[in-house]
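Scroll down for the structure; my scribbles are underneath it.
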Amino acid sequence: MESDPRRIHAQVIKKNIAGASEYRFQLNNLVTLYFKSHLLPYAVRLFQQIPSPNVVSWTTLISGHSNTPAALHHFVSMLRHPTLPNQRTLAIILKTCASLPSLSFGVQLHALSIKLSIATEPYSASALIHFYSKTQLPNNARKVFDEIPHSDAVCFSSVIVGLAQNSKPIEALSYFADMRASGFGSTDYSVSAALRASAELAALEQCKMIHSHSIVTGLDSNPIVGTALVDGYGKCGMVNDARLVFDENLPTLNLIGWNAMMSSYAQQGDKESVTELFSKMENQGLVPDQYTFLSIMTAFCNSGLFNDTEHWFTKMESEYKLEPWIEHYTCLVGAIGRSGRRP
DNA sequence: CTAGGGTTAG
């Protein structure tokens, strides 16, 4: 087939391009194609054939190994080459440090980006904010954000998400307000994070305001915003409102959306609604996970029914082959206490 | 030719 990178590779070799930089340009393109076609060994071999790799060549190689320790290895090789990274390189490598995670490598990248004067540029800054959020250092994330001279919607969203994820809901909502005041349009990221913060505070008025805002901005049709709304209303104790949002978004919601709705019922101890949704979920072809079973167990636990709680725990392990979390055991212990049983 | 952020539990 014509799009096979090996065919294009052959053509590049046949053309015998004279200029070194034009040749490198073509090879960089090819390495990208090989990675996109999931032909990793071809991509790496071709990279090694580039006579004098530039920052684009290196960034492509690192990007092809993103979220693996190999990406860090290639980054070090790049520095020894020596070639300096740019914003794109740092964005990719910081994302890798966030997902591995590797705190020490990421902190050194922060130092390097300060030396290169790109720590406050939007693309590397948002990656730094994400990195510090994932390594549970929200104050560092906020500090990076505060030093950005010309922020943008992604940097704002990143810091709001990071603060919401790290149980700093008041600060998250404060930055959400700052973002609105700065004139940046809200994004599905900023809205879902603000809803998560409001949910943690069980702040019903906040949830309602952001719900209205999401309708005005058209973000309410986003399934992640919908899920955050279901969760928000649920945490505020407004299960009926949660159900309305759930039903409106039903066609687009994934397993997480269903789990959020079941969790809302579970917090009320509404075991009938939870088990009813469980059946409907399976009829839809969705495969339940640990969150699903945690909701079911929580519902029975909150109703003081130990036998049912234990029954679903066993069902999860034996029938669905799901490894229980510490939370499932906590739920079992809680059920023992609530049912008045003695160990 | 190479770039950044999300929802369920706790």
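Within every chain, numbering begins at 1; the chains are lettered A, B, ... in the order of the sequence lines, protein sequences first and strands thereafter. For clarity, every value in this text was computed on a predicted model and none was experimentally measured.
- For the pair A/Asn166 CG and B/dG10 C1', the computed distance is 12 Å after rounding to whole Å.
- Judged by the 6.0 Å and 45° rule, A/Arg45 forms a cation-pi pair with A/Tyr42.
- Centroid-to-centroid, the aromatic rings of A/Phe246 and A/Trp258 come within less than 6.0 Å.
- When the side-chain nitrogen and oxygen atoms of A/Gln290 are compared with OP1 and OP2 of B/dT8, none of them lie within a distance under 4.0 Å.
- Atom OH in A/Tyr233 sits roughly 18 Å away from atom C1' in B/dT8 (whole-Å rounding).
- Between A/Trp58 and A/Phe75, the distance from one ring center to the other does not fall under 6.0 angstrom.
- For A/Ser263 and B/dA9, the shortest distance from a side-chain N or O to OP1 or OP2 is below 4.0 Å.
- Counting non-hydrogen atoms under 4.0 angstrom, A/Gln267 reaches the backbone sugars and phosphates but no base.
- Atom OH in A/Tyr265 sits about 18 Å away from atom P in B/dT8, given to the nearest Å.
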>> Return a single string for nucleotides 1-6 of chain B, one symbol per nucleotide in 5' to 3' order, where B is base contact, S is sugar-phosphate-only contact and - is none, cutoff 4.0 angstrom on heavy atoms.
In response: BBBBBB
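- Regarding A/Tyr329, its OH atom lies at a distance of 17 Å from the C1' atom of B/dG10, rounded to whole Å.
- One atom, NZ of A/Lys168, and another, C1' of B/dG10, lie 16 Å apart when rounded to the nearest Å.
- Across the protein-nucleic acid pair, A/Trp258 atom CH2 and B/dT8 atom P stand 18 Å apart, rounded to whole Å.
- Within a 6.0 Å radius of CD in A/Glu323, other residues, nucleotides and ligands contribute 12 heavy atoms or fewer.
- Between the NE2 atom of A/His328 and the P atom of B/dT8 there is a distance of 16 Å, given to the nearest Å.
- Checked against a 6.0 Å centroid threshold, the rings of A/Phe293 and A/Tyr320 count as neighbours.
- Aromatic ring centroids of A/Phe278 and A/Trp312 lie under 6.0 Å apart.
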